[in-house]
Every structure is written in C-alpha cells, then in structure tokens.
Undergrad: 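The structure that follows is given in the form of structure tokens.
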Amino acid sequence: MPSYITRYFIPTLRNDPVEAEVISHRLMLRAGMIRKVAAGIYNYLPLGLKVIRKIENIVREEMNRAGSLELLMPAVLPSELWKETKRWDYYGKELLRFKDRHDREFCFGPTHEEVITDLVRNEVRSYRALPLIFYQIQTKFRDEIRPRFGLMRGREFIMKDAYSFDQTVEGARKTYDIMYETYTRIFTRCGLNFRAVEADTGAIGGSSSHEFSVLADSGEDGLVICRKCQYAANIEQAEKREIKKGFEGKTSEKPIEKISTPGKKTVSEVAAFLNIPPQKIIKTLIYLADQKPVTVLLRGDFELNEVKFKKVLNANELLLASAKIVEEVTRAPGGFAGPIGLSFLKIYADEEVRGMDDGVVGGNEKDIHFLHVTPDRDFKVDQYLPLRKVVEGDSCPRCEEGTLGLTRGIEVGHVFMLGTKYSEAMSAKFLNPEGKEENMVMGCFGIGIGRTAAASIEQNHDEKGMIWPVQIAPFHVLILPLNSKSAQIVQMADQIGAELEKSGFEVLIDDRNDRPGVKFNDADLIGIPYQVILGEKNLAEGLVEVKIRKTGENQKVPLGEVPAFLKEHTSHPA
Ligand code: ATP
Ligand code: MG
C-alpha cells in the first residue's frame, strides 16, 4: 500500500531554521526528518528514520555477507571494564559517566572495545573458534565539546560498530581487507561518491587504518585525491610523485642586495611591497623539534607538510616556534627571519627552493630583507627534501599519469587494525594449535549511520532541497495529484500508487488539498527521486508527467506505462 501525506507525519518548514549552519542539518529540519531535543540529541521523525533504516539494512546485509555476526551489547557500561584498559581516565569528558542507586559507576557507551573483549575472553578458548567478527547497530553517546551540524556531529548517535578477533597479524590483515571491501560495497550501494583515505601507517606495518570519506565541499577534512586512480589521503599526510628537475648550477647574476621593508612581515605583504610574485620569496620558518630550534625553507606560495617534516626529523614533538623564540634565535622581530647568518641552526629546505636563483629572504634584522639571493651561494642548506604540502595539479604518487586534486570529505566510516592493544590489557588469550597461549589480534570497524545520511545530503542537494540516491531514499516515488478535489485524479493517483507498489516501489502520495506550488516545493525539498505528476490536462490525453528530481528532466508517460518507465530508469538511476 502507498503512504498518504495526510496520514503520514512530515512537518515541513518554509523557512531556514537559524540554528542550522550546514545544508544537511537545515534540510533535515525543514523536511521534517529530525527535531532537536537537546544539544546534539534528536528525535528521528518517520521520514528521517526511514532513511536511517535503509542505510542500516544495507550495512546489515553487507556485514552478514562478510560473515560478521550481529549481536547487541548494552548501552550502559560498568566502569570496571573501562578501568582495565585505563580508558576510564583516558577518555576524558567525552565519556558520559553516572552512578546507579548503589553508587556504582557506569558510563553510556561511546564505543565497545572493552565490552566485546570481555565477552570474547570469557567465551573463546581455542584457535578453532577464530576468526570472529561481531557487529552491532546501536545508539552511542559521546559528550562532544561542540555538537553541531545536526546528525553529522551529534552527542547521541547511531553507529554500526564491529570488532574482529584473529589468531595472527596476517589473519587480522585478511579480516581488515574483507572489511575494507565490505565498506566499499556498503557506500557504493548507498549511492555515494566516496574514497577510502589512508589515515596513518601504524606500528603494525602496511596501511592499518582507512577512513571512508564522502566527498562534499562542506566536509571537515581536507583531502587530496587522484583524478585517475583511487589514491586518496588527508592533506596533512598526502604525498606527491617527485619529479627530478635540473635545478643544479643556477645562480643569480646579481649580487645580494639589502632592502628596507618597513613593517612588511608576511609573504603577501613583502610580495606586494616589492611588486614581485610570492614564488620569488624564500619563506623561513623556525620550528622546535623536541624543543630544539630548526629552520625550514619553502617557496613563498607553498606550505610545509608538518607530518612529513616531523618524520624526517624523527621528532616526537614538532611545534612552530613562538614569536619570543624566533626573536631569540634570529635577533629580529618575527617576520624578518632568513637563512643568511643562521648557519648555527640546521637548515632544511624544500626541494623546490633549490631552483630559486633570485630569491627574497628576511634579513634577521627589523624591517630588512635581502634581494637576489641564491641558495648554496648565499647560505648553506643542510638538506633538500620534498617537504611542501601537495597542491592542485601535483602528480599522483600511486599511478603513472594521474594528477592530484584538492577536495573535502566527511568521514563516515573507519576501519582500524587494533593489534593486541585491548587483548593484552584485558588478557584476551586463546590456545594456538601448539597449545600455547597467545593474545588475540583485533580490529575495529565503525560506520556513523546518521552521519552517512547527512553526508548524502551534503553531497546531493540543490537550492530547492535534498536529492536522495534511490538506494537510501525514504520513498522511491512521490505521486502529486495536482487537484485533490477531482475524484478522477484522486482515483488515478491511488491506482498508479498501487501498481507501483506492486512493482516493488515505495510510494508516497501527496493527497493534501494544497496549491500545486506548495506541493512542488515540498516535493523538491524532500527529494524523493521520482515524482509522478497528475494534472487534468495530461490525464485527458491519457498521460502523466514523470519528473526526475536529480536532473529536473520531465517526461510525459502513458498512464499504464509508469511502472515500466520507472523500472527502466531505476535499473540505471539518473
Ligand atoms: P570524528 O573524528 O569525526 O570525531 P571519530 O574518529 O571519533 O570521528 P570513530 O570513533 O572512528 O569516529 O567512530 C566511527 C564512526 O562513527 C565515524 O566514522 C563517524 O561516522 C561516526 N561518528 C563519530 N562521532 C560521531 C558523532 N559525534 N556524531 C555522529 N557520528 C559520529
Ligand atoms: Mg570523535
């Protein structure tokens, strides 16, 4: 049976709610999908919950297909387990803690490594039971400092969390790969444009953590992606292919020249003052690596890849030096640091500084810069390395011909090799085939269900409203009888609705007694992928209009052929 708007519950709002900063939040409120109860805590109204359930179903099907077993752990967790891993203290204020009537401490689970590890250590003895992957779809609570953006960063939110237990690191890696594949299937089935982003290369070796990111301009994370292959990385981690250029041997013809630059400190100020492009400036940065000052030089328009620099230095801590330290080191106020006369420090330079044969550098003196500076002639560089951040158009480090692009993403899922961190802390051991006790090797795998719904809106919308991918749309088809007073139109809407439902479509009928304009606006706002519009004129000719929400394409279709037309379309959705 189709659903009818007058008997459904879709409290749409005409105006933008002021508290909503991002599009998904705004549109979910306007479309009557969610309502706020407290900061970061929401009611999911029927239309919103329908999307949530669709995503959950896809997740469930794919997790089951991968051989993962669904269970359900409690949301309220005793402190004792959290104390075993020391996370009771370590987790900080994001952990919502409270006491029961007997003064025992509990928390509302933000994640479930402790609980699942406790279960498995109590129940699993032998290697024969392994590997195991458990998952649940459950409400989590994290007392985020800044809950915002609606379902994107809530405090109470629905997560699919999975935990794996293997005998060996190789086994755990296989499980990891299966989960990686599963996540790829899940987000593909959700109809989303996404990338798996290498998060870091941990101690276990190889890539031990990937974040699945939905690409959207409004995303929190800056990403670098290859336009040709699947390479994707956080901007902080991104690599580029190094192309050797013939830099050696170039030297400025002109001698070095001192110039007064009163009050000009930043690259853009100096460039504007000297009327030169920022590429001509050699930027000097002073860092403290484990508290010891080091210098790094970059072309004026580039930025330092701090992650890489830290690795190169093999430092535990890398911080940009404070103004006070810069002054102590250079004997000049900040903004006038330069490599000339700083040879008592170790000087690193980005590869591309090598080719700068007529550069501008700070003079280590208030209001002074030098012109016509050439590295290796006017100052020494201890080491040239590729140290700058990737920029648009750099070459892909993975594939042969791809170029890199900068984009933004929303992390919707995370796959992670845990190793033996939890099994060691909680003594989750098994007997190996030789009868020896070993720690289980674990992995954990999360997906934010509500965040995935929100991310889909961030990626798929226009000025009129949401555009749901068919796979996770609350309904597939919205029927709009334009004149609900005409018995013939109402009857036709019912009939088409019933036919479509029979063909497997989920149908909503806007049977409200409203003007067509109101119905059209709400239809576009809610973003159901296909609209079937019934007007008197078309109907007289035996036709209805089918509108594809995504493209705005409009097509007249003979009355009896609507299901066939939509079948054809949804087999390769617009
Ligand atoms: P973030 O860096 O965004 O805080 P996280 O690293 O804390 O995320 P995980 O602990 O890996 O996230 O949780 C797994 C998934 O749960 C995330 O990929 C995300 O989709 C979702 N998630 C995490 N925190 C929230 C939140 N506050 N609101 C909604 N979804 C969330
Ligand atoms: Mg977090």
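These figures come from a predicted structure and were not determined experimentally. Counting starts at 1 for both ligands and their atoms, following the listed order. By convention here, the first residue in the shown sequence is residue 1. Hydrogens, waters and symmetry mates play no part in the numbers below; they use all other heavy atoms, side chains included.
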Undergrad: Over 60° means perpendicular and under 30° means parallel, so tell me whether His210 and Tyr176 are parallel, tilted or perpendicular.
TA: tilted
Undergrad: If we ignore angles and hydrogens, is there a donor and acceptor under 3.5 Å between the side chains of Asp161 and Gln138?
TA: no
Undergrad: Give the ring-plane orientation class for Phe187 versus Phe194, where under 30° counts as parallel, over 60° as perpendicular and anything between as tilted.
TA: tilted
Undergrad: Any idea which residues sit under 4.0 Å from ligand 1, heavy-atom distances?
TA: Arg142, Glu144, Leu151, Met152, Arg153, Gly154, Phe157, Met159, Glu411, Val412, Gly413, His414, Gly448, Arg451
Undergrad: Does NZ or CZ of Arg97 lie under 6.0 Å from the centre of the six-membered ring of Trp88, at an angle within 45° of the ring axis?
TA: yes
Undergrad: Identify, with sequence neighbours excluded, every residue that meets salt bridge (charged side-chain N to carboxylate O under 4.0 Å, His left out) alongside Glu211.
TA: none
Undergrad: When you measure from the centre of the six-membered ring of Phe106, is the NZ or CZ of Lys99 closer than 6.0 Å and no more than 45° off the axis?
TA: no
